[in-house]
Number of protein chains: 2
Amino acid sequence: MDFEQAKETIFHALSKKNMILCIGKCYVEYWGRAASKLPKGKRMLLIKGDNSFAIHQNRLLRPVNYMMNCQISQKISDNALILEARKTKPKETMKVFFYSIDFLETFKMDESHDLRLFGSEKELSDLLAEDLSFIEPGLKPFKREGLLRQGVVDILAEDKQGNLVVIEVKRRLASYNAVSQLQRYMKQVEKMKNRKTRGILIAPDIVKPAHELLENYGLEFMKLDFDIGNPEAKIKGLTKKQTTLFD
Amino acid sequence: MDFEQAKETIFHALSKKNMILCIGKCYVEYWGRAASKLPKGKRMLLIKGDNSFAIHQNRLLRPVNYMMNCQISQKISDNALILEARKTKPKETMKVFFYSIDFLETFKMDESHDLRLFGSEKELSDLLAEDLSFIEPGLKPFKREGLLRQGVVDILAEDKQGNLVVIEVKRRLASYNAVSQLQRYMKQVEKMKNRKTRGILIAPDIVKPAHELLENYGLEFMKLDFDIGNPEAKIKGLTKKQTTLFD
DNA sequence: CGGGCTAGCTGCGAG
DNA sequence: CTCGCAGTTAGCCCG
């Protein structure tokens, strides 16, 4: 395909925010947060209406090179159509050298992007917060007046003995990270309120070494089974895991 | 476009591991690790030779629905071409209902996927490990015989005083996670070797509250400046950050 | 195969 | 803006 014509087609599509598909033999350079070179090969360039710019190979979900929210410019050299994507903050540049174009098409798309997702961590956390007695009898919500930023701690509560309880919910198998996070939150709350504070990690399961770490920290784990996409019976069971500390 | 013909085209491309692009009005359902419904709209389906399956809208880099390593099957109902992607472990299903097809094309692609990336954390870590005196005079490598899995601790060393030194390298702004990680590694090594152990976090910078946490843990921070994609002068500087504890 | 972690993470949301 | 984090994280690597 003729480079001049391709350039014109792309220019027009960019102004209309149409989706652009271009397949051809290209070489890609990137410099910014890291640097990379992608040797010549047949690949697909996908430009979307929000100025996302991605080079896809015929494998993997993720593009091999990409840039979001970039300014796109074109130029024609002796033997290539060069597309350049630029960005500031952080400063990044990506150049795609098309040596031949096998395919180029642009598409007017509509803008509906209203995916409805079920089973997010937030959803689970909110469900649990609705009835804390499900976690432990006598547990009641605790107002965090400027205690911690909203959204940092999943659930903050107070138990029957008047202890503060920091609750971290994970929607999948918990690992070291989850334990470290909870430990950090728990210590923070304990320090700020100067009160005895417990920490409970709630997840479908926990990896063994992470569970040991959790016990060393004096934290607690609760196993949570939940049904996804079934609003009537989302939380299947919530059982306190046997621990050597609290047996 | 005719559904029967489309089905045939897709079937053939799948067997050849050709890239498949299909644009049309569709509705998408997903159930697996989570669940989602994507209302009818014009979108692009991208199937790659490694059986990655993705629905793209005209915004964002990431697909709105996707599945990797899936088995793909097709069927035609009264008014739709239905593509189903399935997977076990974990069990997942995704159905795409195409009500109309604006565009369908398949492409034979080559398989070169040899991106050369510079500036990864591993690269920086290896560079630093080559000359530990750059971090601190008298620092020498320490053999981790079965101490910790390879790759868990970036660098393990011994200082002039005979202390063990656990070093964690981050290629970008360090945050809580980096501090928690280092703390965990440091404690682990300290316990296993029963020796005084230091922990040093090396990164271009560190967020303020994370730095406070680091100091509370008795860990150290070093600022690392590096050039990306410049093999001759990659590490520009390494300076110990002033701390209130060690001033 | 699971566990742990980096990623040019991306994308979102709160302060 | 920045910080912090979830994600159907993805993808890699090491036991």
Side-chain angles (χ1 to χ4, degrees), chain A residues 30-36 50 52 54 59-69 85 87 89-94 115 117-125 146 148-154 168-178 181 184-185 205-210 228-229, chain B residues 30-36 50 52 54 59-70 85 87 89-94 113 115 117-125 146 148-154 168-178 181 184-185 205-210 228-229:
Chain A
Y30 162 76
W31 192 94
R33 285 168 291 176
S36 73
D50 64 344
S52 69
R59 64 186 295 264
L60 302 187
L61 283 169
R62 295 178 181 262
V64 63
N65 276 116
Y66 53 87
M67 201 174 295
M68 251 307 281
N69 274 331
K87 202 185 170 184
K89 270 200 99 74
K91 197 185 173 193
E92 294 180 294
T93 314
M94 180 175 159
L115 180 81
L117 182 73
F118 311 95
S120 67
E121 184 186 300
K122 182 75 168 59
E123 199 183 44
L124 288 175
S125 174
L148 282 169
R149 268 205 323 286
Q150 184 75 18
V152 171
V153 164
D154 289 341
E168 177 69 25
V169 181
K170 292 291 170 195
R171 62 185 300 287
R172 51 176 183 160
L173 181 65
S175 188
Y176 283 125
N177 258 337
Q181 249 181 59
R184 179 154 39 87
Y185 299 155
D205 207 348
I206 184 168
V207 166
K208 185 119 191 306
I228 278 162
Chain B
Y30 163 77
W31 191 93
R33 286 168 290 175
S36 72
D50 63 343
S52 69
R59 64 187 294 265
L60 301 188
L61 284 168
R62 301 179 62 91
V64 62
N65 277 116
Y66 54 89
M67 201 174 296
M68 252 306 281
N69 273 331
C70 53
K87 202 184 171 184
K89 267 193 110 68
K91 195 185 174 193
E92 293 180 295
T93 314
M94 181 175 157
H113 50 263
L115 180 80
L117 183 71
F118 311 96
S120 67
E121 182 186 301
K122 182 75 170 57
E123 199 182 44
L124 287 175
S125 176
L148 282 169
R149 266 208 325 287
Q150 185 75 18
V152 170
V153 165
D154 289 341
E168 176 70 25
V169 181
K170 292 290 170 196
R171 62 182 301 285
R172 52 176 180 159
L173 180 67
S175 188
Y176 283 123
N177 258 335
Q181 249 181 58
R184 178 154 40 88
Y185 298 155
D205 208 347
I206 183 168
V207 166
K208 186 123 194 304
I228 278 162

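So you know, we letter chains A, B, ... as the sequences are listed, proteins then strands, and number each from 1. Every value quoted in this text rests on a predicted model; they were computed, and no experiment measured them.
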- Task: Establish whether the base of C:dG8 is bridged to the side chain of A:Asn65 by a donor-acceptor pair shorter than 3.5 Å.
- Result: yes
- Message: According to side-chain contact (heavy atoms from CB on, under 4.5 Å), who are the partners of A:Asn177, at least two apart in sequence or on a separate chain?
- Response: B:Asn177
- Query: What integer number of Å spans the P atoms of D:dG11 and C:dG11?
  - Reply: 14 Å
- Considering only side-chain heavy atoms of A:Leu61, which listed nucleotide, D:dA10, C:dT6, D:dA6, is closest? D:dA10
- Task: Indicate, with a heavy-atom threshold strictly under 4.0 Å, whether B:Glu92 touches base, sugar-phosphate, or nothing.
- Result: base
- Message: So does B:Gly119 get a backbone contact from the side chain of B:Arg171, meaning a donor-acceptor N/O pair under 3.5 Å?
- Response: yes
- Give a yes/no on whether any side-chain N or O of A:Arg172 is located under 4.0 angstrom from OP1 or OP2 of D:dG7. no
- Task: Report the residues that fulfil side chain to side chain donor-acceptor pair (under 3.5 Å) with A:Glu92, sequence neighbours left out, ordered by chain and then residue number.
- Result: A:Tyr30, A:Arg33
- Task: May I ask you to say what B:Glu168 touches in the nucleic acid, namely base, sugar-phosphate or nothing, with a heavy-atom cut-off under 4.0 Å?
- Result: sugar-phosphate
- Look at the side-chain N and O atoms of B:Tyr66 and state whether any lies under 4.0 Å from the OP1 or OP2 oxygen of D:dA10. yes
Report, one pair per line, the protein and nucleotides 1-3 of chain D atoms (nitrogen or oxygen only) whose separation is under 3.5 Å.
none

- Mind checking A:Arg171 for me? I need base, sugar-phosphate or nothing, with any heavy atom below 4.0 Å counting as a touch. sugar-phosphate
- Note on the structure: Heavy atoms of B:Val169 and B:Glu121 approach each other most closely as O-CD, 3.0 Å
- Message: Can you tell me which nucleotide in C:dC9, C:dG11, D:dA6 comes closest to the side chain of A:Lys170?
- Response: D:dA6
- Item | Residue whose nearest DNA chain C nucleotide is more 5′ - A:Ser36 or A:Ala210 | A:Ala210
- Task: For D:dA6, take OP1 and OP2 only and decide whether either is under 4.0 Å from a side-chain N or O of A:Gln181.
- Result: yes
- Validation row: A:Val152, A:Arg184 side chains within 4.5 angstrom (heavy atoms): no
- Message: Without decimals, in angstroms, what is the distance between A:Asp154 CG and D:dC5 P?
- Response: 11 Å
- Task: Take atom OH of A:Tyr185 and atom C1' of D:dA6, then tell me their distance rounded to the nearest Å.
- Result: 10 Å
- Atom-to-atom span, CG of B:Leu115 to P of C:dG8 - whole angstrom: 8 Å
- Got a sec, which residues hit side chain to side chain donor-acceptor pair (under 3.5 Å) with B:Asn69, two or more places apart in sequence or on another chain? none
- Message: Measuring only between side-chain heavy atoms, which start at C-beta, is B:Met94 closer than 4.5 Å to B:Asn65?
- Response: yes
- Task: Using the test salt bridge (charged side-chain N to carboxylate O under 4.0 Å, His left out), find all partners of A:Lys208 that sit at least two apart in sequence or belong to another chain.
- Result: A:Glu212
- Task: Could you check how far CG of A:Leu60 sits from P of C:dA7, rounded to whole Å?
- Result: 16 Å
- Item | Shortest side-chain distance from A:Arg62, nucleotide among C:dG11, C:dC9, C:dG8 | C:dC9
- Take the protein atom CD of A:Glu121 and the nucleotide atom C1' of C:dG11, then report the distance between them rounded to whole Å. 15 Å
- Query: Sequence neighbours excluded, which residues qualify as side-chain contact (heavy atoms from CB on, under 4.5 Å) partners of A:Ala178?
  - Reply: A:Lys170, A:Ala174, A:Leu201
- Item | DNA chain D: 5'-proximal contact among A:Leu117 and B:Met68 (nearest heavy atom) | A:Leu117
- C:dG4 and C:dG8, which share atom name P, separated by this distance in whole Å: 23 Å
- Just checking A:Met67: base, sugar-phosphate only, or nothing, at a heavy-atom cut-off of under 4.0 Å? base
- With a 4.0 Å cut-off on heavy atoms, is B:Val64 in touch with a base, just the backbone sugar-phosphate, or nothing at all? base
- Query: Looking at the side chain of B:Arg184, which of D:dT9, C:dC5, C:dG8 is the nearest nucleotide?
  - Reply: C:dC5
- Message: I need the CG-P distance between B:Leu124 and C:dG8, as an integer number of Å.
- Response: 13 Å
- Would you indicate which nucleotide in D:dA6, D:dT9, C:dC12 comes nearest to any side-chain atom of B:Arg33? D:dT9
